[in-house]
Number of protein chains: 2
Amino acid sequence: MNITLRQLRAFIAVARSGSFTLAAESLFITQSALSGLIKELEQSLGVRLFDRSTRRIQLSDIGRGIYPLIDKILADLDGVLDEVANLKALKKGVVRVAAPQLMACTLLPEVIAAYRAEHPQVDIRLIDCAVESVTSRVFSGEVDFGLGPERDPNSDIDATPLFELPFHAVFPPGHALTARETVRWADLVDHPLITLQGQFTERLSVDLHTAMREGDLDPATTVTFMSTALSMVAAGLGVTICIPYAASLVRLYRLDMRPLVEPVVTRRFYVFSRNGRSLSPAAQSFREALFGYVAREGAFTGHP
Amino acid sequence: MNITLRQLRAFIAVARSGSFTLAAESLFITQSALSGLIKELEQSLGVRLFDRSTRRIQLSDIGRGIYPLIDKILADLDGVLDEVANLKALKKGVVRVAAPQLMACTLLPEVIAAYRAEHPQVDIRLIDCAVESVTSRVFSGEVDFGLGPERDPNSDIDATPLFELPFHAVFPPGHALTARETVRWADLVDHPLITLQGQFTERLSVDLHTAMREGDLDPATTVTFMSTALSMVAAGLGVTICIPYAASLVRLYRLDMRPLVEPVVTRRFYVFSRNGRSLSPAAQSFREALFGYVAREGAFTGHP
DNA sequence: TCGACTTATCGGATAATCCGATGAATATCA
DNA sequence: TGATATTCATCGGATTATCCGATAAGTCGA
């Protein structure tokens with residue numbers, strides 16, 4: 001007859017609650033089964049662990065002496081078991097991430113590829129969607145976390161800054177702006193401007209109006225997707241404005257980009273997750289990898 | 001299905017020996033039972049702990065990671081179990097006993113010496129104190145148990161009779177009372193009486209008054225300690241009365257003692273412990289040794 | 001004095017564990 | 001190359017351990 005973990009857990013539960021009945025409830029067994037466990041443990045050890053009366057129990061001297069020791073041992077063991085569970089979940093987890101279409105086709109494939117090289121059994125599911133729906137998908141639990149530009153504060157959603165980057169002008173090689181190191185917003189008026197529809201551009205207009213007290217974005221054309229805008233720029237139909245996390249796509253279209261100044265207007269991007277909810281080990285791990293990638297790539301401008 | 005200690009011990013045995021068959025032998029079970037234990041553990045954890053081939057096994061990465069942690073946990077647990085076994089086997093332990101000063105310098109040193117001869121690893125700590133404070137020290141848990149004369153009944157304190165002995169007269173060799181086999185209380189009035197102060201003597205007076213309906217103790221001198229009274233008797237200043245558990249001290253002073261009769265008045269001594277509380281193995285063992293000593297020595301009058 | 005509460009014990013039902021035999025895979029040797 | 005030895009996994013039946021619900025005994029409070 002050996003000491004069992006069940007007996008030890010029963011001992012700790014009784015010692016903590018001071019009651020066989022309460023301890024049995026906490027372990028989801030009947031009081032009589034718990035009585036048996038403690039009896040077996042006392043018999044195995046050959047000592048009395050509790051002094052019983054019909055109304056209260058007390059740890060014996062020996063019981064009092066070993067309680068902290070057994071408590072620590074069980075805590076250590078549960079720590080190991082938690083660690084194993086984490087490793088298991090990380091090894092075989094699924095991570096669902098929502099991101100706007102532009103991030104989904106630029107930044108994220110690279111991050112996912114790097115992560116998958118190290119964790120081949122973790123399944124990263126990327127859900128590309130409209131900017132406006134990222135946070136609602138996070139909130140509903142459809143995804144583990146989302147990426148996107150600044151949204152209205154929401155107590156249900158935790159927003160952690162991922163990066164902050166300035167707007168850039170995008171144009172074809174040989175364009176009049178190519179010789180410039182930087183491009184002023186005012187210089188854009190000489191060229192047909194192609195912008196994206198929606199809140200993103202509306203907020204940019206507000207920022208420029210505030211900073212310049214005159215002038216405004218006056219797009220010749222508005223389109224839905226950045227890939228459309230870049231195609232039109234490549235066809236010589238105008239210039240567009242873009243944030244450099246999408247530099248890989250700009251390069252794919254063989255276009256040039258320059259920082260926009262006077263004023264320098266930036267946009268901040270965040271990782272959104274549900275407030276008060278922990279991520280699975282795999283999701284947490286991928287999130288960390290994402291932050292690591294951004295920390296290393298910084299301005300997104302310097303490599304192939 | 002919970003993790004069990006048997007599974008964990010099996011894991012360590014296999015990891016150490018690198019073989020299911022050898023590990024099974026070391027645990028005194030068949031190889032097939034051991035196979036089942038490891039299988040259950042792997043299923044409970046949801047991870048592979050060993051990579052098997054038909055001729056050799058290897059710890060998996062996870063198995064290698066948790067091996068030292070589980071090894072330490074089992075070592076800690078075995079340390080606690082050894083500790084308990086040592087306490088049980090009286091290979092260690094501390095016993096704290098409270099007794100009045102007179103018992104502390106007569107009866108108890110002999111009992112302790114005899115007990116220590118048999119259990120050299122048990123530490124007996126004797127706390128000599130006033131008669132009145134013995135039970136309060138027991139109640140507070142400062143000591144494991146206490147000795148002393150009858151106290152008022154108290155539901156928190158358990159009192160077990162240790163011995164009951166008659167009062168004796170004590171006088172120097174050559175004294176007028178030496179030729180007597182017994183001494184009557186009435187014979188004491190012819191000699192200056194030296195008594196102890198306090199409740200002990202007050203209760204004796206009540207007992208004598210009840211038994212004799214006349215007369216009373218009329219001490220010429222009262223002192224605090226029996227050793228003082230015995231010194232004065234040895235100096236020829238009178239006689240004193242004493243209970244024969246202190247015979248060793250009487251003999252040290254080279255005094256004689258005789259039973260007091262007409263009436264025979266006795267005093268009962270008890271072992272006091274906390275009601276509803278168990279004693280540690282060492283305290284219980286020493287308590288039993290004490291009762292054994294008293295049973296053997298009976299009247300405390302017959303030996304060097 | 002009765003009702004409420006607590007721990008211990010009992011008998012029967014159920015679950016877990018073990019053994020010995022066997023199978024599948026691999027390595028070694030003549 | 002075939003025979004033999006070795007190892008871990010699986011199986012079915014026997015045995016052991018565990019649990020539940022009912023009940024008993026003791027204590028406390030209204």
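Note on naming: letters A, B, ... go to the chains in the order of the sequence lines (proteins, then strands), and numbering restarts at 1 for each one.
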So B:S32, base contact, sugar-phosphate only, or nothing? Heavy-atom distance under 4.0 Å. base
Is the shortest side-chain N/O distance from A:T21 to OP1 or OP2 of C:dT7 below 4.0 Å? yes
Can you see if the side chain of A:R52 gets near the phosphate of C:dA8 - specifically, an N or O under 4.0 Å from OP1 or OP2? yes
Answer yes or no: does a side-chain N or O of A:R56 lie under 4.0 Å from OP1 or OP2 of C:dT6? no
In whole angstrom, what separates B:L5's CG from C:dT17's P? 13 Å
Quiz question: by atom type and distance under 3.5 Å, do the side chains of A:R16 and A:S26 form a donor-acceptor pair? no
What's the CD-C1' distance between A:E40 and D:dT16, to the nearest Å? 12 Å
Interatomic distance, B:I3 CD1 vs C:dA16 C1' [rounded to whole Å]: 15 Å
Out of D:dC20, C:dA8, C:dC19, which has the shortest distance to the side chain of A:T30? D:dC20
DNA chain D: A:L37 or A:S53, which has the more 5' nearest nucleotide? A:L37
Could you give the CG-to-C1' distance, from B:L27 to C:dC19, as a whole number of Å? 16 Å
Crowding at OH, B:Y67 (>12 non-hydrogen neighbours, <6.0 Å): yes
Give a yes or no answer on whether the side chain of B:S44 reaches the backbone of B:E40 with a donor-acceptor pair at less than 3.5 Å. yes
Taking B:R151 as the fixed residue, which of B:T135, B:I157, B:V134 is the one that meets the side-chain contact (heavy atoms from CB on, under 4.5 Å) rule? B:T135
Does OP1 or OP2 of C:dA8 have a side-chain N or O of A:S35 closer than 4.0 Å? yes
I'd like to know if the side chain of B:E42 reaches the main chain of B:F50, judged simply by a donor and an acceptor atom lying under 3.5 Å from each other, with no hydrogens or angles considered. yes
Please report the distance, rounded to the nearest Å, between CD in B:E25 and C1' in D:dC8. 14 Å
Could you tell me how far apart A:I29 (CD1) and D:dA17 (C1') are, to the nearest whole angstrom? 14 Å
Below 4.0 Å: OP1/OP2 of C:dT9 and any side-chain N or O of A:K39: yes
From CD of A:Q43 over to C1' of D:dA17, roughly how many Å is that when rounded to an integer? 14 Å
Could you check how far CD1 of A:I57 sits from P of D:dT27, rounded to whole Å? 16 Å
Both A:T4 and B:Q31 contact DNA chain D. Which one's nearest nucleotide lies toward the 5' end? B:Q31
